[in-house]
S.K.: 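Below is one structure. I have some questions about it.
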Amino acid sequence: MRFCRLLAALAVLLCAMFLSPARAEGVDAALDRFLADSFAETEAAIGGVAQSGAPQAVAILQALGERRLFAHPASRGVFWRDAAGTAFDARTGLPAAMPGDAVVIRLNNRLRNVVQAALGTMTLLSPDPAVRLRAAESVFRSRDPAARAAIETAIAREPRGEIRRVLEEAHAAIMLADTGVPESVRIDAVRRLAETGDTEALGLLRQMLGPTAGPLRAAITQGIGAIEQRQQFRAAAQTVWFGVSLGSVLLLAAIGLAITFGVMGVINMAHGEMVMIGAYVTFLVQEALRQNAPQHLDWSLPIAIPLAFLVAGLVGVAIERGIIRFLYGRPLETLLATFGVSLVLQQAIRTWFGPTNREVSAPSYMSGAFEFLGLQITYGRLWIVVFTLVVFLGLLIVLKATPLGLQMRAVTQNRRMAAAMGIRTRFVDAMTFGLGSGIAGIAGVALSQIDNVSPNLGQSYIIDSFMVVVFGGVGNLWGTLVAAFTLGIANKVMEPFAGAVLGKILILVLLILFIQKRPRGLFALKGRAVEQ
Amino acid sequence: MSLTRRSLLGTALGGAAAMSLGIRSGFAQAAPIKIGILHSLSGTMAISETTLKDVMLMLIEQQNAKGGVLGRKLEPVVVDPASNWPLFAEKARELITQQKVSAVFGCWTSVSRKSVLPVFKELNNILFYPVQYEGEESERNVFYTGAAPNQQAIPAVDYLMSKDGGEAKRWVLAGTDYVYPRTTNKILEAYLLAKGVAKEDIMINYTPFGHSDWQTIVSDIKKFGSAGKKTAVVSTINGDANVPFYKELGNQGVKATDIPVVAFSVGEEELAGIDTKPLVGHLAAWNYFQSVKNPANDAFIKAWKAFKKSDKAVTNDPMEAHYIGFNMWVKAVEKAGTVDVDKVIDALPGIEAPNLTGGVSKMLANHHITKPVLIGEVRADGQFDVVWQTKDLVPGDAWTDHLEGSKDLESDWVGLKCGNYNTKLKKCG
Amino acid sequence: MITLRFVRFLEGRGLVFLALVAALVLLVPVCNLLVPPGSPFHVPTGMVVLLGKYLCYAMLAIGLDLVWGYCGILSLGHGAFFALGGYAMGMYLMRQIGTRGVYGHPVLPDFMVFLNWKELPWFWHGFDMFPYALLMVLLVPGLLAFVFGWLAFRSRVTGVYLSIISQALTYALLLAFFRNDMGFGGNNGLTDFKDILGFPVQAQGTRVALFVITGLALIGTFLLARMIVTSTYGKVLVAIRDAESRTRFIGYRVEYFKLVVFTLSAMIAGLAGALYVPQIGIINPSEFQPTNSIEAIVWVAVGGRGTLVGAALGAVVVNALKTVFTTGFLAPYWLFALGGLFILVTIALPRGLVGLAGDIFARFGGAGRGPTRAEAGQTP
């Protein structure tokens, strides 16, 4: 509660700040507290800096939040670095040389909240809309009566609708939490929150339910009911989205196999390792960028996609030329040889890159989440779904509309007839296998965003991939698509009831039973042959 | 680096598999003391265990540079149990009977330890086990240098309940479905209930090994955290599943300032594979962090980086456990004046060896050691900031007081000569 | 006369194999128990355990060869039957621990005490009796194989479809047995066994006895399998392998033939698993791992599929190589060797080691022969 009082004082000062030029008294005293290396002192220092009204206060607190604020107890100096690395003296706000043995001022989660709350109130009027949005969110969380005046000013000035909405919610949260305002105002606030609120508003309402009574309590109960109802409805849609997203991962992992296994009939146990190679290519690209052009790190994935295709594709061609071509007509034996290949590739990666996970970071456009019709959708997953569909369509076009695709289909349908027509079947074999492997490599690029980049990466997808291809019907790309999404959604529908493990077991059992009903998968290739 | 000198079996590839047993080449001077290293170098556990093999090689090399032990050189014998539990037992047997090692440093998972236990008991040898585990065990032949639940889980929960930890009132206990999380969560649940946390404020969730699709669970955690009470997640999620879990947390915007996650199986090594920027502030509880500043740790990190020939090499808690365990073994051998297994086992309790966090750990009569408990917050560079630590070293407790079956059990290999003495029935076993 | 017929029944290879196993069964106990440890002829107990393990794998391989080598059913789930047999035996061994567990509970195994279970789940009842456990060793894998096979063969699921759903079967069981709520000890599985039939499992004598029993079981399995493949029934199996539809059109109920051999093979695998567990001392869900089943297929291929001797030989050779390569400076590289071997055998030795031996023998004028191409099932 000391904190609330502190912020009350802060609001008064803020108002003063708008009226008179910034005053820097007190900032020195506050900064001294940073030198103590104790969380309690740091907390007091944050309050002091925020209250000081010094022009550099925002910069100091921002630096503190991002581990860029340093203390040098010997010289009683406090410094911050800006994002570019230039050092500033916190006392003067001017660039200064920082002693080499200055130490970073540490925070813990509680203090991080304090910094955010302080910054929130101070940056509500920032010209940068992203900063304003963050500020509005922090105020919503801290819901300090003291920020009320500032937020009302901010609402009046805010040009952007979505930020204004958050600001209004924050305002409502403050009103609701403030026991000093008339009950009717608080009830209005509850309505406001119930109207647009999400999970966090729900949390706030539930929290307020305890200490209230009478009509306000009734309004809150009603509000909770409204949000819960809305969320229940959304939960179904959310489950479907999770399923689609899982399905797209399955499809991505399986789609290369749909070529090597589905079209060529090679039981390619090394498929997972092609995915792994793609992921490692992504890692290498990011490493290279990080060292040479860190500002272009966001380009790592677009660069990695063609490279991963090429590398994995070449490895695939090498495997086909070196091993698989000796085994045509003996499909079950390709299983053994490619199992050997898989062991060798895994151990090779383990020897070269070490057995531990490698870091592949998410580019900015794949981080975070947004709300769509009340659904929480993460950018990473959305991109993977889109990417999967693009790859699928691309592959479909290659197979259906290019000469190579025509030749591939011809060779797999009737090798000798195709050869008689002048198709270089060996070349086509190698290209087909290379294509399947290359696509697995591309899958690796995407999977590096959500899974471990380790030598075990491929192993975790190989069984699921085979299930998908077999479930959909060997040799049928559309079948693979439908199968992947069916399995994905079914898995996610089961998960809340049965738990993650039991859900998966149930799916497997259903799959086994399904194959009894349709021994050749969902979409069996029609033909008159008794045996294939 | 001298690995095993045993001339290996001639194998004829190219089809025929003629196999002939190798002949051990003898040493002219004082025979070296052999030390077995039983860590998986391939398979799913290689990801964690390979570094432990390397750290043992480094420690042995350093000891040899100091003149070995009892005037004899140490010779490491490396085997690969390949993350295959029966193979662990087979390799343990081979190390003891064929290689005649004086002690074995190894195992990571509980099941691998359970698998080799009968072998160590039957053939009477010493195993140093360096990983935090579920407790509920104390064997004469095993020395547990990792944390018992009271040296990791309970202090972590205490921290989260404290003012600095955010005063958590609602708890998600998420773990991989195997014995360590099951036990830890059982202990924690009993502990939380005893602390007055309501049953409906505890959510327990288990996932399979290598679980990679965390969308539903993370969104459930968010929902659970929206009840208006400060919520914290205690994660006993194992190895491989952590990366996708943390990636999903980051993507769904679960920030440490809202719902902190404290993990017991995530250290520097695991974080090296993740972009940690979205994870800043999430916590881990260990007995060692690389970022701890003191001369012994600095020297250890420097030696390790030189040994790995990489500036990016990180150190972690199980490595420190091997460091402590190895030094304890050396001291015990010197105290006993022999590598005779029984004498070394008797010499070990009471032995003290410095740990890397500035204290001195002691081997207790229950074959566990004393350790400090540290809580670290993840930094953007993949290291941890220590935000809290116990004042004194915490003695490891083999049998937890929070479980029905084990609260009456006690382990004392010095006085009682028993690993599971029942204080109620006044008898062993 | 009978001897002669027996010799012809076995062929040269089979005779050598039987002689070899019989020699092991006779010599190993002598060299372990009677020869003093210093002697060059002494077989250490560790080696007995190791050999016992190889022989268990050999039994599994023979069972697998019956369905794959002779009937063309590529099962990627035979590890599941092996593991189920192992679990049945493990449950018996757990019940024998009695009050000697760490918590000293008279009935419940340690892991149940610690999960706060109050009573024994229904499926654990009866396992304290050895005959019941032995029955379950055969019955559980057999029944599962029967149900699975009945469903699959009746609806004519063949080829890769069958392979993949058999893999799904073992994968589902893997996940199920990992769950602690199932009551099979979760990831840790069943371990810390004390007695079998009143004999301490770790005693040297018990180990040797287990080895001898395994050897005898292997001989029995081999003779049974040999009887099957030389019978008319066996000929039909080969016909199914080579031309399933044709066999069906001739009038054989193909699905019944397959079902019988599949079930039998699963029971052999179960028995092998049951013999494996007391010798190894642990059974845990990792035995259900799909890669384990694939590895078993690889043993058969390396040895020579469609020849019972080859299957057994492959199991022993591959596992011996694994034992050797996982020690010492080769340890980080053994997967290269193993993977390389699989590739090499598939490409260069399609008929496996037995085929190679036959070729060499034939070139130097011997009378033996390897499997013919048709025998090894390579007709497209």
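Note that the structure is predicted; figures quoted are calculated from it, not measured. Just the heavy atoms: all of them, side chains too, but no hydrogens, waters or symmetry mates, feed the values below. Lettering follows sequence order; numbering is per chain, from 1.
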S.K.: So which part of A:Phe370 gets closer than 4.5 Å to some heavy atom of chain B, the side chain, the backbone, both or neither?
M.R.: neither
S.K.: Measure distances from B:Leu283 to the heavy atoms of chain A and classify the residue's part below 4.5 Å as side chain, backbone, both or neither.
M.R.: side chain
S.K.: Output yes when B:Glu377 and A:Arg112 qualify as a salt bridge under the 4.0 Å nitrogen-oxygen rule, no when they do not.
M.R.: yes
S.K.: Find the distance between NZ (B:Lys277) and OG (A:Ser361) and round it off to the nearest 0.5 Å.
M.R.: 6.0 Å
S.K.: If I measure from the heavy atoms of chain A, does B:Gln252 come under 4.5 Å with its side chain, its backbone, both, or neither?
M.R.: both
S.K.: When you look at B:Ile259 and B:Val172, which way does the side-chain contact (heavy atoms from CB on, under 4.5 Å) test go after all the steps?
M.R.: CA-CA 10 Å; B:Ile259 304 180; B:Val172 180; over 6 Å; no
S.K.: Tell me, side chain or backbone of A:Thr356 under 4.5 Å from chain B's heavy atoms, or both, or neither?
M.R.: both
S.K.: I'd like to verify something: which residue of B:Thr50, B:Asn205, B:Ile217 has the highest number of heavy-atom pairs under 4.5 Å with chain A?
M.R.: B:Thr50
S.K.: Grab the two heavy atoms, one from B:Lys308 and one from B:Asp54, that are nearest each other, plus how far apart they are.
M.R.: NZ-OD2, 2.9 Å
S.K.: Checking heavy atoms, do the side chain of A:Arg67, its backbone, both or neither come under 4.5 Å from chain B?
M.R.: side chain
S.K.: Among B:Gly166, B:Ala380, B:Ser212, which residue forms the greatest number of heavy-atom pairs with chain A at distances under 4.5 Å?
M.R.: B:Ser212
S.K.: Looking only at heavy atoms and a cut-off of under 4.5 Å, which of B:Lys255, B:Lys222, B:Lys223 has the most pairs with chain A?
M.R.: B:Lys222
S.K.: Tell me whether A:Arg106 is salt-bridged to A:Asp37, with the criterion being a basic N under 4.0 Å from an acidic carboxylate O.
M.R.: yes
S.K.: At a heavy-atom separation under 4.5 Å, does A:Ala201 approach chain B through its side chain, its backbone, both, or neither?
M.R.: neither
S.K.: Do you know which of A:Arg206, A:Gln238, A:Gln347 has the most heavy-atom pairs under 4.5 Å to chain B?
M.R.: A:Arg206
S.K.: Looking at OG1 of A:Thr42 and CG of A:Leu111, how far apart are the two atoms once the value is rounded to the nearest 0.5 Å?
M.R.: 6.0 Å
S.K.: Do we get A:Arg358 above A:Tyr280's six-membered ring, with its NZ or CZ under 6.0 Å from the centre and within 45° of the axis?
M.R.: no
S.K.: Can you tell which part of B:Lys229 gets under 4.5 Å to a heavy atom of chain A, answering side chain, backbone, both or neither?
M.R.: neither
S.K.: Is the closest basic N to carboxylate O distance between A:Glu43 and A:Arg110 below 4.0 Å?
M.R.: yes
S.K.: Measure A:Leu205 against the heavy atoms of chain B and call it side chain, backbone, both or neither at under 4.5 Å.
M.R.: neither
S.K.: Relative to chain B, which segment of A:Gln449 carries a heavy atom at a distance below 4.5 Å: side chain, backbone, both, or neither?
M.R.: backbone
S.K.: Check whether A:Asn456 gets within reach of chain B through its side chain, its backbone, both or neither, counting any heavy atom under 4.5 Å.
M.R.: side chain
S.K.: In terms of ring plane angle, is the pair A:Phe353 and A:Phe283 parallel, tilted or perpendicular, where the classes change at 30° and 60°?
M.R.: perpendicular
S.K.: Just how far is it from atom CZ of B:Phe384 to atom CG of B:Asn316, taken to the nearest 0.5 Å?
M.R.: 10.0 Å
S.K.: If I measure from the heavy atoms of chain A, does B:Lys293 come under 4.5 Å with its side chain, its backbone, both, or neither?
M.R.: neither
S.K.: Is it the side chain or the backbone of A:Ser448 that comes within 4.5 Å of chain B heavy atoms, both, or neither?
M.R.: backbone
S.K.: B:Asp213, B:Thr276, B:Asp177: which one forms the most heavy-atom pairs within less than 4.5 Å of chain A?
M.R.: B:Asp213
S.K.: Could you tell me if the side chain of A:Phe242 sits less than 4.5 Å from the side chain of A:Glu495, heavy atoms only?
M.R.: no
S.K.: Is it the side chain or the backbone of B:Glu248 that comes within 4.5 Å of chain A heavy atoms, both, or neither?
M.R.: side chain
S.K.: State, to 0.1 Å, how close B:Trp171 and B:Val234 come at their nearest heavy-atom pair, and which atoms those are.
M.R.: CE3-CG2, 3.9 Å
S.K.: Considering only heavy atoms, which portion of B:Ser219 lies under 4.5 Å from any heavy atom of chain A: side chain, backbone, both, or neither?
M.R.: side chain
S.K.: Output, in order, the C-alpha distance, side-chain angles, deciding distance and verdict of ring pair (Phe, Tyr, Trp, His ring centres under 6.0 Å) for A:Tyr379 and A:Tyr365.
M.R.: CA-CA 7 Å; A:Tyr379 283 107; A:Tyr365 48 83; 9.4 Å; no
S.K.: Where does A:Met366 contact chain B at under 4.5 Å (heavy atoms): side chain, backbone, both or neither?
M.R.: backbone
S.K.: What's the separation between atom CE in B:Met58 and atom CH2 in B:Trp304, rounded to the nearest 0.5 Å?
M.R.: 6.5 Å
S.K.: With respect to chain B, which residue among A:Leu204, A:Asn452, A:Thr378, A:Asn357 yields the maximal number of heavy-atom pairs within a distance under 4.5 Å?
M.R.: A:Asn452
S.K.: Please state whether the side chain, the backbone, both or neither of B:Gln215 comes within less than 4.5 Å of a heavy atom of chain A.
M.R.: both
S.K.: Which one wins on heavy-atom pair count under 4.5 Å against chain A: B:Asp258, B:Leu271, B:Asn242?
M.R.: B:Asp258
S.K.: Tell me which of these, B:Gly225, B:Ser48, B:Gly43, has more heavy-atom pairs under 4.5 Å with chain A than the rest.
M.R.: B:Gly43
S.K.: Select one option (side chain, backbone, both, neither) describing which atoms of B:Asp220 are under 4.5 Å from chain A's heavy atoms.
M.R.: neither
S.K.: For A:Leu202, is it the side chain, the backbone, both or neither that has a heavy atom under 4.5 Å from a heavy atom of chain B?
M.R.: both
S.K.: Give me the atom names and distance for the closest heavy-atom approach of B:Gln290 to B:Ala313.
M.R.: NE2-O, 4.2 Å
